[in-house]
There are 2 protein chains.
Amino acid sequence: MVRQREFDVDKALDAAMQLFWEKGYEATSLSDLTSAMGIQRPSIYSTFGDKKELFEAALRRYTSAHAAGIRAKLQHHPSVKEAFRVFFEGLVEEEYAGTGNRGCFCINTMVELAPHDAKFEILTREHEMYLAAMFQETIEKGLRSGELQAGLDAKALAQTLVVSLIGLTVIMKARPERAFVEHSVETMLSLIK
Amino acid sequence: MVRQREFDVDKALDAAMQLFWEKGYEATSLSDLTSAMGIQRPSIYSTFGDKKELFEAALRRYTSAHAAGIRAKLQHHPSVKEAFRVFFEGLVEEEYAGTGNRGCFCINTMVELAPHDAKFEILTREHEMYLAAMFQETIEKGLRSGELQAGLDAKALAQTLVVSLIGLTVIMKARPERAFVEHSVETMLSLIK
DNA sequence: AGTATATTATACCGATCAGTATATTATGAT
DNA sequence: ATCATAATATACTGATCGGTATAATATACT
């Protein structure tokens, strides 16, 4: 009965996500978006709404993929200590390997939009809280298995690791000497005992 | 021989700093700046150069004041542990007291500009390295006085505290429950032993 | 085949962007 | 008092911004 959409909504949203992730909200123009997404301006508006709504959709796409990725990494090793070590060291390795340096889309948004837009304050907070909950679950698993020493405060430690993760991600944007972040990672990991 | 400037360069730069600090580079327009600085557009260009140069001057002004402020706080207490405790707890108190929430201008710049502009990558990195050096000096003072236990790695700890400071500052933009950051601060401080 | 409907492409909207040309005004030396 | 100089205020530049009106195009049902 009607003409059907010619582009892949998912692929288009992914392209928008990549662009917003790299450049942020303000610095990304509608022209940038149409080029990257391979569709025309009216298609963006009819499918995703205005620029802010598209950004929100892109961020939601990012956070769910990001959370799923971290969950997978934390479950990859039977040892909780080893899982966290591989996770944090992999984070550093990833940032220093490539030339690009996008960091975390959610953290970028926390800095750029959360202080001026309640919707993104909530959205980014919820993501970080979700990460903290995953970290806490992982630590509690280590406590149950006896790998981690009893009496360790799983919640406080999980929250500390989230703060560290954010700090690491942000400082790497300034490209400090690798030893700087490696020392920090080592010290952080020493808290998981 | 010539007409003299009618506005206070320092006051104008301070107004620009406040604005860039609050809104970031892209979201601050020249019109915003002329309003806040109380001067006309050509006065900005003749005195400070273009928007990027003005931003750089504002950031430099911020980083020197910021570093001096932190130095003063770290030297305020004879006990190193107490000095760090007061510093970090004051940081949290400050953010949760007011309604506003600007965080740190340098961190904002690390996220917004450092990944795409080498000048700001260097500038922000140098500031964070300077903070790390101050932290390290403070820790070494505690080692010399015997307050801190011998064998403690002053450099690694200082770097970790800088990462934590950044993480705390950023997560507070998402306004998590205060207990979240307080737990993190407590855990961080436990590393200074 | 004809028609209703939604997607597409083009071109446009007023508003605002960073930056500047122009002309006026104020200063200090002669 | 005149003049050279620089700071000021106004108004403008072309470019780009986010968003949309319009018209052409393609589909699925009758």
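First the proteins, then the strands, lettered A, B, ... as listed; each starts at 1.
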Whole-Å gap separating C1' (D/dT16) and NZ (B/K51): 13 Å
Atom-to-atom span, CZ of B/R5 to P of D/dA6 - whole angstrom: 12 Å
Distance-only donor-acceptor test (3.5 Å): side chain B/R3, base D/dA6: no
Rounded distance in Å - CD (B/Q4) to P (D/dT8): 10 Å
A/F135 and A/F84 aromatic centres sub-6.0 Å: yes
Whole-Å gap separating P (D/dA6) and CD (B/E6): 16 Å
Exam field: side chain A/K51 to backbone A/Y25, donor-acceptor pair closer than 3.5 Å: yes
A/R125 to B/F180 six-membered ring, cation-pi geometry met (6.0 Å, 45°): no
Donor-acceptor contact below 3.5 Å, side chain B/E121 vs main chain A/K173: no
Paired and unpaired positions of DNA chain D as dot-bracket, Watson-Crick or G-U wobble under 3.5 Å, | denoting a partner strand: ||||||||||||||||||||||||||||||
Closest non-hydrogen atom pair, A/G103 against A/T169: CA-CG2, 3.9 Å
B/F120 and B/F55 aromatic centres sub-6.0 Å: yes
Heavy-atom side-chain proximity of A/I166 to B/I166 below 4.5 angstrom: no
Residues from residues 109-117 of chain B lying under 4.0 Å of DNA chain D - heavy atoms: none
Strand-adjacent residues in residues 17-50 of chain B, judged by heavy atoms under 4.0 Å from DNA chain C: B/T28, B/S29, B/L30, B/S31, B/R41, B/P42, B/Y45, B/D50
Full working for side-chain contact (heavy atoms from CB on, under 4.5 Å) between B/F87 and B/H76: CA-CA 10 Å; B/F87 171 64; B/H76 195 256; over 6 Å; no
Contact check, side chains of A/V163 and A/T160, non-hydrogen atoms, under 4.5 Å: no
A/S43-A/R5 side chain donor-acceptor pair, cut-off 3.5 Å: no
Heavy-atom check, side chain of B/T63 versus side chain of B/F105, under 4.5 Å: no
